[in-house]
Structures are given as structure tokens and as C-alpha cells.
There are 2 protein chains.
Amino acid sequence: MKITINEIAKKAGVSKATVSRVLNNSKPVNESLRKRVLQVIEETNFRPNALARGLSLQKTRVIGVIIPDLSNPVFSRIIAGIESYTRAHDYSLMITATDYDISTEIKHINLFRDKGVEGLILLTDDVNQKLSEVLGDFSKPIIMIGSDCDLEKIPVIKIDNMKAAYEATQYLINLNHKRIAMIRGPLTDRFSGNLRFEGYKKALVESGIYDENLVKEGKYSFEHGYQTMTHLLAGSKIPTAIFCANDVMAVGALKCALDNDLNVPEELSIMGFDDIEIAKIYTPSLSSVHQPFEAKGERAIAKLIHMIESEADETISECAFEDEVLEHRLIIRQSTKRIKS
Amino acid sequence: MKITINEIAKKAGVSKATVSRVLNNSKPVNESLRKRVLQVIEETNFRPNALARGLSLQKTRVIGVIIPDLSNPVFSRIIAGIESYTRAHDYSLMITATDYDISTEIKHINLFRDKGVEGLILLTDDVNQKLSEVLGDFSKPIIMIGSDCDLEKIPVIKIDNMKAAYEATQYLINLNHKRIAMIRGPLTDRFSGNLRFEGYKKALVESGIYDENLVKEGKYSFEHGYQTMTHLLAGSKIPTAIFCANDVMAVGALKCALDNDLNVPEELSIMGFDDIEIAKIYTPSLSSVHQPFEAKGERAIAKLIHMIESEADETISECAFEDEVLEHRLIIRQSTKRIKS
DNA sequence: TTGAAAGCGCTAACAT
DNA sequence: ATGTTAGCGCTTTCAA
């Protein structure tokens, strides 16, 4: 029923090898034959079966992406960056979410391999032993975004979380704040969650105003931000500034402050991290640490495709495996303000 | 280098047909042989090549999804709904964005077909002639989400946009508002954009208070909402309520009002559409029309998989092709309020 | 129950 | 420059 290269060959009165040649421009073909073949292809609307092609060539032009949660804008913007670059370079994307479950992740890495993906982009916050093994066996290019990875041959695209948090905290210190709380990520988030906390702590320790009682744990959700803020406000010594490990919690804290008739930023400065869209939109708008989500995706896929294509040439340079640290920057908006010392 | 069914057969001392049989439980195999084969598979970590399998079986367990924009939360939540169901049913997803460009869309529909997807989910706002042809030729199950489609055999999953907009407007009318503006979608959005406007208009016309000067066009972005609101505020007779065709514009309008020291909802009621996350989070929180994004995705993929699998059985029932209208509901929050008549 | 062999649709080495 | 043919790795008739 579906038309194949054989019928094209027959109708054009040539061998299928010739058809294949004109299809791929892989070898010179006599102009009149080429015309005839092209003609038949046109007429029949023939399109080569990519599966068969892939099987024969060991190339599918498909790339796999594994991500914890597709509905989280932070991730979907990275995906969007990956996707547009991928599309521009004539690859296709297979995408799966893991719901933060490592066994799901492993299962789908294998599934993708079976399906012939030529490379893999991974967004994970935790690389454990078992995962390491699977990745080690993978035999095709892999890039990670965000979390570190100690495996050779797996470059990571990231930002300098610690430095960024340090700068954000330093900014609050420069605004004369002495009691600066942090709603940090969960302790189990050993990567960015921890680095952002360490940056915060470093700045405060350097200024001699670190107070561990002002550090609270939140699970990155709006509700956690809101609730943690409630606790903070119920305490005896209310902070004058709060640094949150992500914008979503920052907005939770912000709304909580507003609901409690606290004036932000007059009475309380709030600083987020990520610079998601809502930061710009909120009233008051939220100061934050901008990180380039789309660019993260783009750099990752660009690097991956480079690895894939130079692997064929064997021209791969050493620097292709190096980690890349993308630039962050502080975005100052309405939610933070200098106070009198 | 990669291990194949042949090596398994050799190592287990059987034919590859037998290996295939134990792999798929397709035919009875002597228990001792099965054990031996399983053993070898285990030892070698063998996993069958899905490409080869797909070529032979004409089945890939891959589904294609085409969507205008991956970074838009409205879409990514639908995708998330699709993905989790897909994953639970052991299919994989190939996803591509179109940037609202129909030729890109067509190109990737064909690409997906070449790559052997077994079904297609389409999110489009516009089905033109050319697209219709391509879809008609597709020969595999297709589902559309959102926009209508006049093609037989292509079920649509949607909400009743007109009714929803009607109810939202009616709600504002019941709050005693007489001057109710609308920031509608672009005129080029012939589907939901238009239906939402029609619902709004119908309610106002029925109450005899429709005024076309109060209808403004916006392109669904925060900036458009903000800017349009600026114009509205500059006008001579400022409306007391505004219905926006989506939440993003509503928040734009809301922030503009706030920036101009207008009290929402005391002086101005604002109602959005979609009930995206920000609606709940904003201060004041935004009244809106809730629509079930994740459920849209799930219903679509559930239906699609049903079509795919019953197509094999030829057991497909008529109702499998029927459109489905999902429930919306009004969510009343802080941004709308009754006024004195 | 098992194995041999044909076939899925394409590419590429080898011959001509 | 073109055709013949042997794979790519798997499933599935068909015979035994």
C-alpha cells in the first residue's frame, strides 16, 4: 500500500540503487535519468521510509531528551531552546519526563537507545550510581544540563549557582540589610539547591551576619514559599530581606507578605532566583537572578549535534567535552530596596 | 559491536526465530530452551533494536505531537498531560513546535510519517486547505486539540469557548457592571479567539449593553494586555469591568491598572480566561475561566491510542471519532467585584 | 516445538 | 554512470 523505492525504480525504469543515489545525491547520476526519477517521485508523492533508512545507515537524526517535569516552565523553556535549534538542523526530538524518578529515567534512557537516538540530553538533579552505569554504557553522545556529573565524556551546561547566589546576597547586604533570611531548596537537592545556599552563606559569613536560624527549607513550590514565609513572620525577629532559591517560592513569600499587609519593599525586600516570566509581571515586580534557559537548551543541543557529527568524522576536538558555564545576571526590580542602617 | 539477536541465538545454541519467540512470547517455546535464551539475554544485556523491529512490524510505538510553541505554559501543560499518559502506556513521544507556521507544520507532519509514528496529535489554531490535504493523506489516526477541523476521522478535543465566554460575561453583568470591555484575541484567530468574543458579545447584546467601542484586539501577550489597558484608561468613558481572552493579557491589564493606582477590584473588575497558574498567585488573584489543560492532553492521547490499537483489531467503534467537549468552569477570585447599580 | 528463509525499505560495496 | 546484491536486525511464514 505504501509506496517504496522499488516501485519508483520500476516506474522510472532504473534500479533502486539509482533512485537511492538521486535521493541522497550520494553519487553522480545521468541528468536525464535523474530527471525521470525525480519526476516519478514527484508524481507518486514518494517519501523514503526513515525507519529503513535508519536501520541501514545506523542514523536516525533523532535525539532524546529526558527531563523531570514537562509542565514546569523552567524546564519547558529549556526544551523550547533545544527544540528550535534541533528543528533548524533537521533533527527530531523524542522527549520523556521522569517525574523525578530515577528508575523511570533509566528505563527511558534504554528505551531511547533501542529506538536509535543518536544522542541524549539529560536534565537531572541527581546522578546516582546506577544512573552512572547506564550512562557509561550508552555509547552515544550525552549532554547534561544543570546538575554536575563526574563522568568523563559527558559535558555539562550550567550556570555558576554559587557565585550567583553569592552576588544576590551581597547585593542585599549592600542595601544595608542585616537580617537576611533564605528559603533554600530541599536538603536533598545536592546540586543547585546546595550551591545556592552555599553562595548565600558565604556572603553572610564574610560580613559576619550569618544566622542559621534564618535559613528555612522549601520544596520550590509556591505553597512552600507562602507557608515558610508565614513561619518567618510568626518568629520573634523578622528579617528585613529574604533570598529565595527560586522565583516560585519568592512569589509565594511575596504574596504571603502582601496578604499580611507587609509593604514590599518598604518593610521587606524579597529576591528570587531564575527570573521566570512571573517575576517581571508581578506587582511589585520581583528582583531575581536571571539565568538563560533557552540558551542553556541551545548550547546543549548545539554541542550535542557537534559531538554527533564530528564523531562520524572523527574530528572531535578535546574542548567538545568541556563543561560550559553560562552567564547569569542580577535583575533588580521593585521587590528589593535599600534600608537605613 | 552492538549485540544482536543473532549472537544471542548463537550463544544459546538456537535459531534466531526461537529467540524472537521468547522475546515476544509469540509462540510456545520449550521451557528449557526459553530458560537458556533468557539466561543469555540477561548476561549480555541484550535489547532488541527497535528500528529493525519497527521496520518488520510496521509498528514503532511512537506518537507525534505538533504544537505551536513549547515555551507557552498553556501548551506545555497539555503536553505534560499527553506525555504522562503516553509513558504509562509504553509509547514514546516525538514532539515538534511550529512557531505558528503552517508550512513548518506540514513539513513535520510528513517527517513524522516518514519516521513511522503511529498516530498524531495536533495543536493548531488554523486548518487551511493545504493542511487539510496533508492530513487527509496521513492514513494514520490523528487527533486535534483546540481548534475545530472539518475532516472526517479527525476527532477534536476542545472546550466550549463560546459558552464559557458567555458565562464569564454574564457573571460580570450579574455583578451590575454596565460598561464591560473586552480585550479579545487577534481577529486572525478564527477559532477560540472568535468564539470567546462571540460569547462575550452575545451576553452583552442580550442585556442590551453591547458597545463595540469597548472591544479591543490584543495578541495574547502580557505586553498587549498592558498596552491595550493603557488605551482603555486614556479613553473618555472608562469601563468598570474587563474581560480578557486569556490570563496573560488579563495580568497585563491588571498590572497596568495597578501601576495607574487604580484599585482592583474596587474600581475595576478584571476577568481572565484559561486559569493558568499565575491567576491564582497574582495579587489580587485573578478570576478566570478554568479549562482542564492536562485533561485535554490525556483525553487526546487516550483516544488516539484507542484508535491505534483498535485499528489493528478492526474493532473501532463509531463513537471513537466523535469530538469531545471538556468542561470549563468559572473561578472567582479577588479581581472581580459587585458594584452598586 | 524448532529452524530456514523470505521480507520489511533502504544504502553501499562491488561489478560492469 | 548504472545495476546487482549483500546487508541493517528483526518477525513470521513455511517446512520439517
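All chains are named by letter (A, B, ...) in the order of the sequence lines, taking the proteins before the strands, and each is independently numbered beginning at 1. Bear in mind that the values here come from a model prediction, so they are computed numbers and not experimental data.
- Side chain to side chain, Arg36(A) and Asn30(A) fail the donor-acceptor criterion of an N or O pair below 3.5 Å.
- Within 4.0 Å (heavy atoms only), Thr18(A) reaches sugar-phosphate atoms of the nucleic acid but no base atom.
- Below 30°, between 30° and 60°, or above 60°: for His108(A) and Phe112(A) the angle between ring planes is above 60°, a perpendicular geometry.
- Among the atoms of the strands shown, only primed sugar atoms or phosphate atoms (P, OP1, OP2) are found under 4.0 Å from some heavy atom of Val14(B).
- Looking at heavy atoms from C-beta onward, Ser132(B) lies in side-chain contact with Leu151(B) at the 4.5 angstrom threshold.
- Here the side chains of Leu55(B) and Leu51(B) are not in contact, with every heavy-atom distance at 4.5 Å or above.
- The pair Asp99(A)-Arg87(B) meets the salt-bridge criterion, since a charged nitrogen lies less than 4.0 angstrom from a carboxylate oxygen.
- At the phosphate of dG9(D), OP1 or OP2 sits under 4.0 Å from a side-chain N or O atom of Gln58(A).
- Of the charged side-chain nitrogens involved, none lies within less than 4.0 Å of a carboxylate oxygen, so that Asp101(B) and Lys107(B) do not count as a salt-bridged pair.
- Once you apply a 4.0 Å limit to the heavy atoms of chain A, the touched nucleotides of DNA chain C run 5' to 3' over dG9(C) to dA13(C).
- Between Arg47(B) and Asn110(A), the closest side-chain pair of non-hydrogen atoms falls below 4.5 Å.
- Looking at which nucleotide of DNA chain D each of Lys16(A) and Ser32(A) is closest to, the 5′-most match is held by Ser32(A).
- Across the interface with DNA chain C, nearest-nucleotide mapping of Leu23(A) and Ala17(B) shows Ala17(B) to be the residue nearer the 5′ end.
- In this structure, the side chain to side chain contact (heavy atoms under 4.5 Å, CB included) partners of Thr44(A), at least two apart in sequence or on a different chain, are Ile3(A), Ile8(A), Lys11(A), Val40(A), Phe46(A).
- Nearest heavy-atom pair across Ser147(A) and Met144(A) is O-CE, 3.6 Å.
- With rounding to whole Å, Arg21(A) atom CZ is found 7 Å from dG3(D) atom C1'.
- Taking atom CD1 of Ile5(B) as the reference point, atom P of dG7(D) lies 18 Å away to the nearest angstrom.
- Atom C1' of nucleotide dT12(D) and atom NZ of Lys59(B) are separated by 15 Å, given to the nearest angstrom.
- Residues of residues 41-57 of chain B that place a heavy atom closer than 4.0 Å to DNA chain C, in numerical order, are Leu55(B), Ser56(B).
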